[in-house]
Amino acid sequence: MSAWRPLADSLSPEMRHLTGELRVMKDRTGLSLGQLAKKTACSKSAWSRYLNGQALAPYAVVAALGELADADQARLRALWELAAEAGGRGGEGPYGVTDDGSHQEHDAEPTRPFGVVRDAPPRRRWLAMFAMGITVLAIGLVVAVLTGAISRPVAAPAGSRTPTPAGSCQARECTGRVAEPLGCARDAVVTASVQVDYARLELRYSAVCRAAWGVLAGARRYDRVAVTGDGGAEAKGKDRSGSGAATPMVAAAGPEVGYACAELTSGARKCVGAGR
């Protein structure tokens, strides 16, 4: 297990929880930073920033580490969303973070002006003009090639996944299934929330999928969360690594339907939602 440096006191609780989970998952894989960079197509320097809470990792990078560590993607997505909502972000200064988490330098070398030949003999003047013409022609060809390359459609990398359309399931079809892979989290709204001791309980709803689910942020290991929807349908989730918990979805005819409950290892218990 890695000897991690302490996180900055200025980190938000949500960013601290996400960073802690990233560290737990990296330790679980047993990979070095270099091996992790190769398997996730994300540079070592970017991973160093993410694992030390210096920047919010793109969700695709977080999900890739989650797959390597066999983590619960629903809980992982919920924790990442809370960190993003709390203001976590990456890519500051002269370097930007690309979609795969690598860094790209934006500074370019200044363009030097062409020199002007004055009072040169006819032959030298002709050679200078010819050289300048060749230079201008070469620049024009480069611009044309680059413009053509940019305008051509870029084929998707082999093995890349096509984004799942929102609403891949509806109502009862969603019951017992995870929101994120089915696109139901894209339009999700928090319809009710409450603080339960050290954790935050949220009831989320997707109008496109007509389904609801519960999220428990800031949870500790073995804390539990449950959601109840149409007809008393129920789904449950449990925090297994101290990174937060989320339930699968249940059918819900509207945002006013259903409720979520949390039961913590501290003994605290609360519910939120319809009639709660």
Side-chain angles (χ1 to χ4, degrees), residues 12-22 24-25 56-57 59 62-63 66 71-88 164 166-167 169 174-230 233-252 254-266 268-276:
S12 67
E14 294 82 1
M15 187 66 173
R16 184 177 296 273
H17 293 148
L18 176 61
T19 303
E21 174 64 8
L22 292 179
V24 169
M25 291 192 296
L56 175 64
Y59 178 67
V62 175
D72 188 317
Q73 292 288 351
R75 290 196 296 272
L76 199 57
R77 176 69 184 197
L79 190 61
W80 181 88
E81 287 181 352
L82 290 172
E85 291 171 2
T164 303
C169 69
C174 299
T175 298
R177 304 173 73 180
V178 179
E180 174 60 28
L182 298 174
C184 296
R186 296 181 188 176
D187 73 319
V189 295
V190 177
T191 59
S193 64
V194 66
Q195 189 70 27
V196 187
D197 199 356
Y198 48 78
R200 188 74 179 175
L201 173 63
E202 294 183 352
L203 177 62
R204 299 189 181 186
Y205 176 76
S206 167
V208 172
C209 295
R210 289 185 292 162
W213 61 98
V215 174
L216 189 61
R220 297 176 184 172
R221 198 172 183 185
Y222 302 129
D223 288 344
R224 298 174 181 271
V225 59
V227 65
T228 303
D230 289 344
E234 186 180 42
K236 299 179 179 180
K238 181 169 68 173
D239 190 324
R240 301 181 184 276
S241 60
S243 60
T247 70
M249 296 181 288
V250 293
E256 73 285 351
V257 176
Y259 60 91
C261 295
E263 184 176 354
L264 310 186
T265 54
S266 66
R269 175 183 171 83
K270 281 187 180 180
C271 295
V272 67
R276 302 288 161 167

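Hydrogens, waters and symmetry mates play no part in the numbers below; they use all other heavy atoms, side chains included.
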**Request:** Might you work through the side chain to side chain contact (heavy atoms under 4.5 Å, CB included) test for Met249 and Leu182, ending with a clear yes or no?
**Result:** CA-CA 11 Å; Met249 296 181 288; Leu182 298 174; 3.8 Å; yes
**Message:** I need the Lys236 NZ to Arg224 CZ distance, nearest 0.5 Å.
**Reply:** 7.5 Å
**Asked** Does the pair Leu56 and Leu18 meet the rule for a side chain to side chain contact (heavy atoms under 4.5 Å, CB included), with working shown?
**Response** CA-CA 9 Å; Leu56 175 64; Leu18 176 61; 3.4 Å; yes
**Request:** Check for a donor-acceptor pair, side chain of Ser206 on one end and backbone N or O of Ala211 on the other, with a separation under 3.5 Å.
**Result:** no
**Stepwise side chain to side chain contact (heavy atoms under 4.5 Å, CB included) test for Val178 and Trp213** = CA-CA 9 Å; Val178 179; Trp213 61 98; over 6 Å; no
**Minimum heavy-atom distance Cys169-Arg177, with the two atoms named** = CB-NH1, 3.9 Å
**Message:** So for atom CZ, which belongs to Arg16, do other residues, nucleotides or ligands contribute more than 12 heavy atoms lying within a distance under 6.0 Å?
**Reply:** yes
**Asked** CG of Leu79 to CE of Met15: how many Å apart, nearest 0.5 Å?
**Response** 10.0 Å
**Item:** Closest heavy-atom pair and its distance - Glu14, Ala86
**Value:** OE1-CB, 3.5 Å
**Asked** Once you find the SG atom in Cys184 and the one in Cys174, is the distance between them below 2.5 Å?
**Response** no
**Request:** Heavy atoms only: give me the nearest Asp239-Ala245 pair and the separation to one decimal.
**Result:** N-CB, 3.6 Å
**Item:** Over 12 foreign heavy atoms within 6.0 Å of OH, Tyr222
**Value:** no
**Complete:** On a heavy-atom basis, the closest approach of Leu203 and Ala260 is CD1-CB, 4.0 Å
**Request:** Please report the shortest heavy-atom distance between Arg204 and Leu82, naming the atom on each side.
**Result:** NH2-CD2, 3.6 Å
**Fill in**
Separation between CG (Leu216) and CD (Glu263), nearest 0.5 Å, reads 11.0 Å
**From Tyr59 atom OH to Glu180 atom CD, the distance as rounded to the nearest 0.5 Å** = 5.0 Å
**Request:** Would you mind reporting whether Val257 and Tyr205 have side-chain heavy atoms less than 4.5 Å apart?
**Result:** no
**Message:** Treating Gln195 as the side-chain partner and Asp197 as the backbone partner, does any N or O pair qualify as donor plus acceptor under 3.5 Å?
**Reply:** yes
**Fill in**
All heavy atoms of Ala57 vs all of Val62, minimum pair found to be CB-CG2, 3.7 Å
**Item:** Between CG on residue Leu201 and CG on residue Asp223, distance to nearest 0.5 Å
**Value:** 11.0 Å
**Complete:** d(Arg75 CZ, Arg240 CZ) to nearest 0.5 Å is 6.0 Å
**Request:** Report the C-alpha separation of Val250 and Thr228 in whole Å, then their side-chain angles, then the decisive distance to 0.1 Å, and conclude whether the side chain to side chain contact (heavy atoms under 4.5 Å, CB included) test is met.
**Result:** CA-CA 7 Å; Val250 293; Thr228 303; over 6 Å; no
